[in-house]
Amino acid sequence: MRARHVYVLLHIFLTVGVLVKAFDPITTTVVIGIGATLGRTIYNYFRESCDSKWIAFNATGLQNDLDTKLFGQHIASRILLKAVSGFMSNENPKKPLVLSLHGWTGTGKNFVSKLIAENIYKEGMDSSFVHVFTSTLHFPHQSQSACYKSQLQQWIKGNVTNCERSMFIFDEMDKMHPGLIDSIKPYLDYYVKLDGVSYRKSIFIFLSNAGGESIIQTALDFWKQGRDREEIELKDLETSLSLSVFNNNQSGFYRTNLIDKNLVDFFVPFLPLEYRHVVQCAMAEMKARDIKPNQDVADMVARDLVYFPKSERVFSVKGCKTIESKLDYYT
């Protein structure tokens, strides 16, 4: 439907351009004016804007994505669905939604951020209202921390001024220089407005490997006790996770006010993935590529990965991170 509308607009616009030559100067001026108006209409049709046409939360879509595309993360799925749904349905939140996702590489942290964006913004991760900061790329030099703090504040203020429903994703928080993230602490606090700008409808997501060791240890303890991983609850991880992150002097969250002042709404643990979850990832990737899912191929991909402990081979060292490249080899 949208393509047909665009075709009609372009057809009218081009027709007006051809007709310009057929009229006298006065009429031509009028026709050009009409053409300019149509041009603006076409431009506005394509341009993303901060309104319900481009930003509309799909709770059912998020739940379905978490149920069918994210594997082995029962705790994260439950927390994120409730947190995002509750926040997006609140017309007057008291503060921005602040989520901190923790776990080893390949467990789904970046993937979940993508799912959240796709179910809020029509353009998903390509939306001009979704902003991704990667520590090693955007903040590489500790000597420039003062400059980074100022830039970060300006970037966030400018983007939220442009659209209050902005999303900010900070990747590699474990590699961020300590103290830098505290520069945005006021924007995450319970303020109605700061310098005339309200940040209360924005979302901040932090991704980090920090705390992964304590998550893995808990998962190993449950496995050694013969307990099912689905028995692990948030209460088994949250306190130790926040403390390990707060006291890790190699992390961007080291002694941060964001934790000390309880501004992080949820510390979301991502559990290490088992063999069966890697198989599910491979099957899902085949489906996403419009390839008929093949259990034998999925098993070959899963067997090719490295697991720990070495003798028992319980958890995948890299989760599902290398599934795409492995699948290229086996298909």
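Sequence positions, counted from 1, serve as the residue numbers for this chain.
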Should the heavy atoms of other residues, nucleotides or ligands under 6.0 Å from [atom1] of [X] be counted, would the total exceed 12?
X    : atom1 : answer
D228 : CG    : yes
K201 : NZ    : yes
K69  : NZ    : no
Y190 : OH    : no
K82  : NZ    : no

* Would Q153 and S183 count as a side chain to side chain donor-acceptor pair (under 3.5 Å) if you check the C-alpha gap in whole Å, the side-chain angles of each, and the deciding distance to 0.1 Å? -> CA-CA 7 Å; Q153 290 174 336; S183 64; 4.8 Å; no

Kindly compute the distance separating [atom1] ([X]) from [atom2] ([Y]), expressed to the nearest 0.5 Å.
X    : Y    : atom1 : atom2 : result
I169 : I205 : CD1   : CD1   : 5.0 Å
L263 : Y187 : CG    : OH    : 14.0 Å
L97  : L188 : CG    : CG    : 9.5 Å
W54  : S128 : CH2   : OG    : 9.0 Å
F267 : T239 : CZ    : OG1   : 10.0 Å
I259 : S100 : CD1   : OG    : 6.5 Å

* Could you give me the CA-CA distance, side-chain angles and deciding distance for K95 and D265, then say whether salt bridge (charged side-chain N to carboxylate O under 4.0 Å, His left out) is met? => CA-CA 10 Å; K95 64 180 290 295; D265 296 300; 3.1 Å; yes

Is a donor on one side and an acceptor on the other found under 3.5 Å between the side chain of [X] and the backbone of [Y]?
X    : Y    : result
T134 : T136 : no
S77  : Q73  : yes
N257 : D260 : no
S150 : A146 : no
T161 : K157 : yes
E172 : L207 : no

Search all heavy atoms of [X] against all heavy atoms of [Y] and return the closest pair with its distance.
X    : Y    : value
H131 : S166 : NE2-OG, 4.2 Å
A83  : F266 : CB-CE1, 3.6 Å
C320 : L273 : SG-CD1, 3.6 Å
P272 : I216 : CG-CG1, 4.1 Å
L180 : S145 : CD1-O, 4.0 Å
G103 : N209 : O-OD1, 3.1 Å

Does [X] belong to the same Ile/Leu/Val/Met/Phe/Trp/Tyr cluster as [Y], with side-chain heavy atoms less than 4.5 Å apart forming each link?
X    : Y    : result
M167 : I156 : yes
L152 : V197 : yes
M300 : L305 : yes
L101 : V264 : yes
W104 : L70  : no

* Which pairs with one or both residues in residues 112-121 pass side-chain hydrogen bond (donor to acceptor under 3.5 Å, both in side chains), sequence neighbours excluded? -> D65-N119, K114-E118

Would a 4.5 Å heavy-atom cut-off, applied to side chains only, mark [X] and [Y] as touching?
X    : Y    : result
N92  : N90  : yes
F170 : I184 : yes
K193 : R200 : no
L327 : I291 : no
V245 : D174 : no
I55  : I120 : yes
H102 : P269 : no
R78  : L234 : no

With no hydrogens and no angle check, do the side chains of [X] and [Y] hold a donor and an acceptor under 3.5 Å apart?
X    : Y    : result
E164 : S198 : no
E238 : S242 : no
D221 : Q217 : yes

* Asked: Between F168 and W155, does the ring centroid distance fall short of 6.0 Å?
  -> no

* To do: Taking the six-membered ring for Trp and the full ring for Phe, Tyr or His, determine whether the centres of F57 and F87 are under 6.0 Å apart.
  => no

Charged N to carboxylate O below 4.0 Å: is that the case for [X] and [Y]?
X    : Y    : answer
R289 : D328 : yes
K149 : D182 : no
D189 : K261 : no
R229 : E274 : yes

* Asked: Run the ring pair (Phe, Tyr, Trp, His ring centres under 6.0 Å) check on F253 and F206 step by step: do they pass?
  -> CA-CA 10 Å; F253 279 129; F206 301 106; 5.4 Å; yes

* May I ask you to decide if the ring planes of H177 and Y148 are parallel, tilted or perpendicular, using 30° and 60° as cut-offs? =>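 Parallel.
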
* Residues I75, E233; criterion side-chain contact (heavy atoms from CB on, under 4.5 Å); working and verdict -> CA-CA 7 Å; I75 300 174; E233 298 180 18; 5.7 Å; no

* Full working for side-chain contact (heavy atoms from CB on, under 4.5 Å) between D299 and Y275 -> CA-CA 9 Å; D299 281 327; Y275 179 93; 3.2 Å; yes

* Give the C-alpha distance, both sets of side-chain angles, the deciding distance and a yes or no for side-chain contact (heavy atoms from CB on, under 4.5 Å) between F315 and L220. => CA-CA 9 Å; F315 301 115; L220 276 172; 3.6 Å; yes

* Asked: Does the pair N294 and M283 meet the rule for a side-chain contact (heavy atoms from CB on, under 4.5 Å), with working shown?
  -> CA-CA 7 Å; N294 186 312; M283 296 286 278; 5.8 Å; no

